[in-house]
**Student:** 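One structure, pasted below without further comment.
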Amino acid sequence: MTSIGSGGRGWLRAMPAEAGRDALLNRAGHRVLAARRLTDLVQGRPPGVTGSQWTSASRASFDFVVYAADTGRAVVAVQIGPVPSPGSAEQRVERLTDAVSAAAGLPVLRIGSPTLSAAEHGRRLVEYVIDARAYAAGGATAAGTEPAPGFRDILGRLPDGRTGPVNDLGALTRAAAVEAYVAGQVADPIVRGLHVHWVDGPAQGWSWVQVRPDACLIEQVSVTEHRFSCGIDAARLAEDLAAVAVGERLRENAVADLLPRAEWTARIAALSQRRHELVGGFAFDHLCAD
């Protein structure tokens with residue numbers, strides 16, 4: 001097995017020879033393998049990483065690794081699951097893993113959600129990111145013509161028959177919310193959302209529906225790109241994924257743990273006061289009034 005990298009010794013292992021047989025999927029010039037340990041991806045201890053750091057991080061694993069089929073280069077390692085609690089052992093391992101990945105030059109994408117999982121949602125997410133990156137790479141527009149719409153904004157026929165953005169991951173949830181409203185399961189058929197991107201921090205998105213006039217079902221998702229771009233705005237992706245999570249809760253009728261609408265509005269208002277900490281400020285002041 002050979003290494004890949006630039007300048008001196010490469011610290012990343014090439015795509016395994018058996019990738020064609022073991023690949024979870026082949027898509028747009030990429031092969032995706034599931035459940036790869038950090039030691040499957042990084043050969044040896046990179047410079048600047050202590051022995052203790054390497055020992056701790058080497059036990060970590062990623063849900064998926066996307067490789068370029070032609071070069072065998074790892075494009076990104078993907079992890080999906082709950083965000084570790086501050087100060088926890090899990091958070092420490094995650095930070096060490098990110099530090100080792102940075103030293104080795106391994107791009108990492110982390111999706112933080114208590115509801116979304118690699119088993120249920122990972123394949124669709126990886127396909128989506130591969131497609132979004134391919135679209136962005138080919139998105140140059142000839143001079144004098146209108147810019148092509150972003151991947152998220154391409155219009156087409158939605159599952160409910162309407163015309164809308166076909167690459168909105170939350171489209172099925174929006175249709176399900178209407179059905180739930182007709183069935184009397186929620187008080188409002190509209191799936192609302194907001195997103196932000198913290199300076200030197202993750203992108204975060206929220207999505208919610210009013211299950212009762214005074215209470216909301218809310219989901220939050222974080223998207224962290226380390227040396228990687230998803231091909232669309234990470235904050236919009238986080239909001240769409242939060243909508244997917246809301247849809248999972250509706251589908252399973254898991255509508256406990258509701259938040260009073262007034263409290264949620266207050267939290268949005270508090271978030272707006274931190275706009276100086278956000279990339280591009282805060283664009284959702286209209287949601288601050290209950």
**Student:** Which is it for Phe282 and His276 under the side chain to side chain contact (heavy atoms under 4.5 Å, CB included) test, yes or no, and what are the steps along the way?
**Tutor:** CA-CA 8 Å; Phe282 185 78; His276 61 286; over 6 Å; no
**Student:** Given the rule in the side chain to side chain contact (heavy atoms under 4.5 Å, CB included) test, do Phe228 and Val108 qualify, once you have shown the distances and angles that lead to the verdict?
**Tutor:** CA-CA 7 Å; Phe228 181 74; Val108 173; over 6 Å; no
**Student:** Between Leu106 and Leu33, is there shared hydrophobic-cluster membership here, with clusters defined by ILVMFWY side-chain heavy atoms closer than 4.5 Å?
**Tutor:**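 Same cluster: Leu106 reaches Leu33 through Ile, Leu, Val, Met, Phe, Trp or Tyr contacts under 4.5 Å.
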**Student:** Is a side-chain N or O of Glu219 found less than 3.5 angstrom from the main chain of Ala242, in a donor-acceptor match?
**Tutor:**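 Not confirmed, Glu219 side chain does not pair with Ala242 backbone.
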**Student:** Hey, is the main chain of Ala243 close enough, under 3.5 Å, to the side chain of Thr173 for a donor-acceptor pair?
**Tutor:**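 Side chain of Thr173 to backbone of Ala243, a donor-acceptor pair under 3.5 Å: yes, one is there.
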**Student:** Mind listing the closest non-hydrogen atom pair of Ile130 and Ala28 along with its distance?
**Tutor:**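 Scanning both residues, the minimum pair turns out to be CG2-CB, 3.8 Å.
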**Student:** Rounded to the nearest 0.5 Å, how far apart are SG of Cys230 and CG of Leu109?
**Tutor:**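 These two atoms lie 4.5 Å from each other.
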**Student:** On a heavy-atom basis, which atom in Gln204 and which in Ser222 lie closest, and how many Å separate them?
**Tutor:**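 Shortest heavy-atom separation between Gln204 and Ser222 comes out as CG-CB, 4.2 Å.
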**Student:** Assess whether atom CG of Asp257 is packed by more than 12 heavy atoms of other residues, nucleotides or ligands within 6.0 Å.
**Tutor:**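 Incorrect, the count does not exceed 12.
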**Student:** Between Val166 and Leu172, is there shared hydrophobic-cluster membership here, with clusters defined by ILVMFWY side-chain heavy atoms closer than 4.5 Å?
**Tutor:**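 Val166 does not cluster with Leu172.
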**Student:** Is the backbone of His195 close enough, under 3.5 Å, to the side chain of Arg236 for a donor and an acceptor to pair up by distance?
**Tutor:**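 No, Arg236 side chain to His195 backbone: no donor-acceptor pair under 3.5 Å.
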**Student:** So how far is it from Leu287 CG to Leu194 CG, rounded to the nearest 0.5 Å?
**Tutor:**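 One gets 6.0 Å once the value is rounded to the nearest 0.5 Å.
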**Student:** Look at the side chain of Glu239 and the backbone N and O of Val196, then say whether any donor-acceptor pair between them is shorter than 3.5 Å.
**Tutor:**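 Side chain of Glu239 to backbone of Val196, a donor-acceptor pair under 3.5 Å: no, none is there.
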**Student:** side-chain hydrogen bond (donor to acceptor under 3.5 Å, both in side chains) with Arg59: which residues, sequence neighbours excluded?
**Tutor:**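 With neighbours one apart ignored, the set is empty.
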**Student:** CG of Leu38 to OG of Ser101: how many Å apart, nearest 0.5 Å?
**Tutor:**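 Between atom CG of Leu38 and atom OG of Ser101 there are 5.0 Å.
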**Student:** Share the residues that join Val93 in a hydrophobic cluster, the rule being Ile, Leu, Val, Met, Phe, Trp or Tyr side chains under 4.5 Å apart at the heavy-atom level.
**Tutor:**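 Other cluster members: none.
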**Student:** Looking at Gln53 and Thr50, would you say the former's side chain and the latter's main chain have a donor-acceptor pair under 3.5 Å?
**Tutor:**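 Answer holds: yes.
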**Student:** Give a yes or no on whether Trp264 and Phe284 share a hydrophobic cluster (residues Ile, Leu, Val, Met, Phe, Trp, Tyr; joining criterion: side-chain heavy atoms under 4.5 Å apart).
**Tutor:**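 Linked, Trp264 and Phe284 end up in one cluster.
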**Student:** Checking side chain to side chain donor-acceptor pair (under 3.5 Å) between Arg152 and each of Asp233, Asp240, Asn167, which is the one that passes?
**Tutor:**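 When Asp233, Asp240, Asn167 are each tested with Arg152, the side chain to side chain donor-acceptor pair (under 3.5 Å) holds only for Asp240.
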**Student:** What's the separation between atom CG in Asp40 and atom CG in Leu12, rounded to the nearest 0.5 Å?
**Tutor:**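 Here the interatomic distance stands at 12.5 Å.
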**Student:** Give a yes or no answer on whether the side chain of Ser85 reaches the backbone of Ser88 with a donor-acceptor pair at less than 3.5 Å.
**Tutor:**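 Pair absent, no side-chain N/O of Ser85 close to backbone of Ser88.
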**Student:** Parallel, tilted or perpendicular: which fits the ring planes of Tyr128 and Phe151, with parallel below 30° and perpendicular above 60°?
**Tutor:**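 Tyr128 and Phe151: perpendicular rings.
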**Student:** Counting only pairs under 3.5 Å, give me each side-chain donor-acceptor contact of residues 178-193, with atom names and distances, residues two or more places apart or in other chains.
**Tutor:**
{"from": "Asp188", "atom 1": "OD1", "to": "Ile190", "atom 2": "N", "distance (Å)": "2.8"}

**Student:** Run the side chain to side chain contact (heavy atoms under 4.5 Å, CB included) test against Ala176 and tell me which residues pass, sequence neighbours left out.
**Tutor:**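 Ala176: no side chain to side chain contact (heavy atoms under 4.5 Å, CB included) contacts found.
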**Student:** Quick one: closest heavy-atom pair of Leu259 and Arg267, and the distance?
**Tutor:**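 Where Leu259 meets Arg267 most closely, the heavy atoms are CD1-NH2, 3.7 Å.
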**Student:** I'd like to know if Arg251 and Glu248 make a salt bridge, using a cut-off of under 4.0 Å between side-chain N and carboxylate O.
**Tutor:**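 Judged by the 4.0 Å cut-off on N to carboxylate O distance, Arg251 and Glu248 do form a salt bridge.
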**Student:** Once rounded to the nearest 0.5 Å, what's the spacing between atom CG of Leu125 and atom CG of Asp63?
**Tutor:**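 Output value for this atom pair is 10.0 Å.
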**Student:** If you look at every heavy atom in Trp54 and Gly44, which pair is closest and at what distance?
**Tutor:**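 It is CH2-O, 3.4 Å.
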**Student:** On a heavy-atom basis, which atom in Gly205 and which in Ala238 lie closest, and how many Å separate them?
**Tutor:**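 Between these two residues, the closest heavy atoms are N-CB, 3.4 Å.
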**Student:** In the single-linkage hydrophobic clustering (I, L, V, M, F, W, Y; side-chain heavy atoms under 4.5 Å), do Val42 and Leu96 co-cluster?
**Tutor:**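 The answer is no; the residues belong to distinct hydrophobic clusters.
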**Student:** How would you list all residue pairs meeting salt bridge (Lys or Arg N to Asp or Glu O under 4.0 Å) that involve residues 78-95, not counting sequence neighbours?
**Tutor:**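 Non-adjacent pairs meeting salt bridge (Lys or Arg N to Asp or Glu O under 4.0 Å): Glu94-Arg110.
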**Student:** Looking only at heavy atoms, what is the nearest atom pair of Ala132 and Ile232, with distance?
**Tutor:**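 Of all heavy-atom pairs spanning Ala132 and Ile232, the closest is CB-CG2, 3.8 Å.
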**Student:** Before accepting this row, confirm whether a basic side-chain N of the pair Arg31/Asp70 lies closer than 4.0 Å to the acidic partner's carboxylate O.
**Tutor:**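 Looking at Arg31 and Asp70, the cut-off is not met.
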**Student:** Could you see if Val83 belongs to whatever hydrophobic cluster contains Leu241? Use Ile, Leu, Val, Met, Phe, Trp, Tyr and a side-chain cutoff under 4.5 Å.
**Tutor:**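 No, because Val83 and Leu241 fall into different hydrophobic clusters, even though each may have its own neighbours under 4.5 Å.
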**Student:** How would you list, by chain and number, every residue that makes a salt bridge (Lys or Arg N to Asp or Glu O under 4.0 Å) with Arg27, sequence neighbours excluded?
**Tutor:**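 Arg27 satisfies salt bridge (Lys or Arg N to Asp or Glu O under 4.0 Å) with Glu127, Asp131 once adjacent residues are dropped.
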